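Report on one structure; see the data block that follows.
Just so you know, these numbers come straight off a predicted model, no measurement behind them.
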Amino acid sequence: MFADRVRIFIKSGKGGDGHVSFRRELYVPAGGPDGGNGGHGGDIIFVVDKGLNTLGDFRHNSKYIAESGEEGGKRRCTGKDGEDLIIKVPEGTVIYDDESGKVIADMSGDNLQETILKGGRGGKGNMNYATSTMQAPQYAQPGQDAQELWVRLELKVIADVGLVGFPNVGKSTFLSRVTNARPKIANYHFTTLNPNLGVVDLDGGKGFVIADIPGLIEGASEGVGLGHQFLRHIERTKVIIHIVDAASTEGRDPIADIKAINKELENYNPKLLERPQVIAANKIDVIYDDGSDPVQAIRDAFEPEGIKVYPISAVTGQGVKELLYAVRTLLDNFKDEPVLFEKEFDYDELMDNPNESFEVSINEDGVYVVNGPKIDKMLGYTNLESEKGFDFFQKFMKRSGVLDELEKLGIAEGDTVIVGDYLEFDYYKA
């Protein structure tokens, strides 16, 4: 089954924790710290696989988590780095942040590989904290947290030309005549349920890729019918072919249909109307000679706007060659720049903001309270029972701005401070 839109959860690997240990060797009575660093967590990397043409594989697995780094070891041994997780997607996949809708990456053109989430850094072992005044540090740094994100993958078919038109106007028949594609063809609405791609071969090797977009109807840009589901596929096309039923075999007005479709394209993405367009006035083989000329009426309506009209019959092939060469000329004059979606997502949004990682307040008893993720991490890897460990924690409090926040709240010497869930001490300004 063709799948062009999925939602998945991705998470990089956590960094391994640094290790606390000391040399214990015969004849070395005062071995120093030798706790090694933790390994780096694995990255989440998206890679284009040109052998894929659907996102169907993601329907069976919606969670992708990279390997975490291992903890450092004794004797200055660094923990093993976590394996990167490679996620393969078809060319043309756009990765969005599911919550904000911002573009994270467009896997198209030269962008064949993108690291979406970085693994956490490994924490430093206690061997890194030895100084002339602190020769036996009892603490190590924890590994950096993993990054996680819900993302939405959308496959926007990469084609030079997009066929648009109301249902049952002959798009599938046209595609089967001019390309090697074999779409399902029948005389009822919404025969095409998935975008069909085909390659047009012209003399001199100047072929192009053409996509049959499922039938659009009024309201498609708002989700009516099948149009909203597949409008995204026309965003990458360089030229748009409107196919209309010039014979009005179903009683529809071809001029009104073209205007309605252009309105839906504008509602979905106004830039689509900047693309070159041509009109294929189809089914001329069944136009009755009753004195009217529906093709000329279409020309009178749209050629003054610069949109050329080509009468064709997708069934007999009449006029098809002229249309294809006209489209080739438009492609030759088109700026040969891939239609790419610019990055909008700021990776810094995933990182901890040091200004928001702790909170300082006063409870109902007049006691100062400090808590938050950053504080909890520090308490988790600091040996507060040792004098040097507590001194290290106090320096952290000053360096991270906690003491400044306490002073802003009016703390005085001798006031009680509760840090986290269990640490309580009296404040004295250093």
Side-chain angles (χ1 to χ4, degrees), residues 2 53 157 159-203 207-218 220 225-227 229-231 233-234 237-258 260-262 264-265 277-289 293-295 297-299 302 307-328 330-331:
F2 184 87
N53 56 15
V157 170
D160 300 304
V161 178
L163 298 180
V164 298
F166 272 71
N168 211 26
V169 296
K171 299 194 308 299
S172 296
T173 302
F174 176 81
L175 187 72
S176 67
R177 171 167 286 278
V178 302
T179 74
N180 56 355
R182 293 294 175 262
K184 182 180 179 182
I185 299 173
N187 189 28
Y188 55 85
H189 287 184
F190 297 123
T191 303
T192 305
L193 300 179
N194 301 313
N196 290 308
L197 287 177
V199 178
V200 175
D201 291 321
L202 297 177
D203 295 339
F208 53 85
V209 178
I210 193 167
D212 172 15
I213 308 300
L216 303 181
I217 62 176
E218 290 185 86
L226 299 176
Q229 186 176 359
F230 296 108
L231 267 167
H233 293 301
I234 205 170
T237 58
K238 301 173 183 177
V239 175
I240 297 173
I241 299 178
H242 290 263
I243 296 189
V244 294
D245 179 2
S248 300
T249 58
E250 295 190 343
R252 300 190 60 85
D253 180 358
I255 295 176
D257 283 357
I258 295 170
I261 287 175
N262 271 341
E264 295 307 317
L265 295 178
Q277 300 182 18
V278 295
I279 296 171
N282 193 24
K283 301 187 180 182
I284 60 173
D285 54 307
V286 293
I287 294 178
Y288 295 104
D289 188 8
D293 188 348
V295 174
I298 297 172
R299 281 176 170 153
F302 294 100
I307 303 175
K308 294 284 291 182
V309 177
Y310 296 87
I312 69 164
S313 170
V315 172
T316 67
Q318 182 181 353
V320 169
K321 187 175 182 179
E322 291 80 358
L323 171 63
L324 295 179
Y325 276 98
V327 170
R328 180 67 261 177
L330 289 175
L331 290 172

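We find the NZ-CG distance between K238 and L330 to be 12.5 Å, quoted to the nearest 0.5 Å. The distance from atom OH of Y310 to atom CG of L324, rounded to the nearest 0.5 Å, is 11.0 Å. To the nearest 0.5 Å, the span separating CZ on F174 from CD1 on I312 amounts to 5.0 Å. Interatomic distance, CD1 of I240 versus CD1 of I307, reported as 9.5 Å (0.5 Å rounding). Between D245 atom CG and I284 atom CD1 the span is 12.0 Å, to the nearest 0.5 Å. The structure places CZ of R328 at 7.0 Å from CG of D160, a figure rounded to the nearest 0.5 Å.
Looking at residues two or more places apart in sequence or on another chain, you find no side chain to side chain donor-acceptor pair (under 3.5 Å) involving R299. A search for side chain to side chain donor-acceptor pair (under 3.5 Å) contacts involving D285 returns S313, not counting sequence neighbours.
Side-chain atoms of H242 and D257 include no donor-acceptor pair closer than 3.5 Å.
Residues V161 and I241 are in side-chain contact: their nearest non-hydrogen atoms beyond the backbone lie under 4.5 Å apart. The side-chain heavy atoms of I279 and K308, taken from C-beta on, include no pair separated by under 4.5 Å. Proximity of I287 to D293: side-chain heavy atoms (C-beta onward) are nowhere separated by under 4.5 Å.
For the pair A314 and N282, the tightest heavy-atom approach, listed with the atom from each and the gap, is N-OD1, 3.0 Å. Summarising the geometry of V169 relative to I243, their closest heavy-atom pair is CG2-O, 3.3 Å, with the distance given to 0.1 Å. Closest of all the heavy-atom pairs between P294 and A246 is CB-O, 3.4 Å. Taking both residues in full, the closest heavy atoms of P254 and S248 are given as CD-OG, 3.5 Å, listed atom of the first, atom of the second, then distance. Across all their heavy atoms, A280 and L323 have their closest contact at CB-CD2, 3.8 Å. Across every non-hydrogen atom of I255 and F302, the tightest pair is O-CZ, 3.8 Å.
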Residue pair I261, I258: steps toward the side chain to side chain contact (heavy atoms under 4.5 Å, CB included) verdict: CA-CA 5 Å; I261 287 175; I258 295 170; 6.0 Å; no
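Screening L202, V320, L163, V327 against V178 for a side chain to side chain contact (heavy atoms under 4.5 Å, CB included) leaves a single residue, V320.
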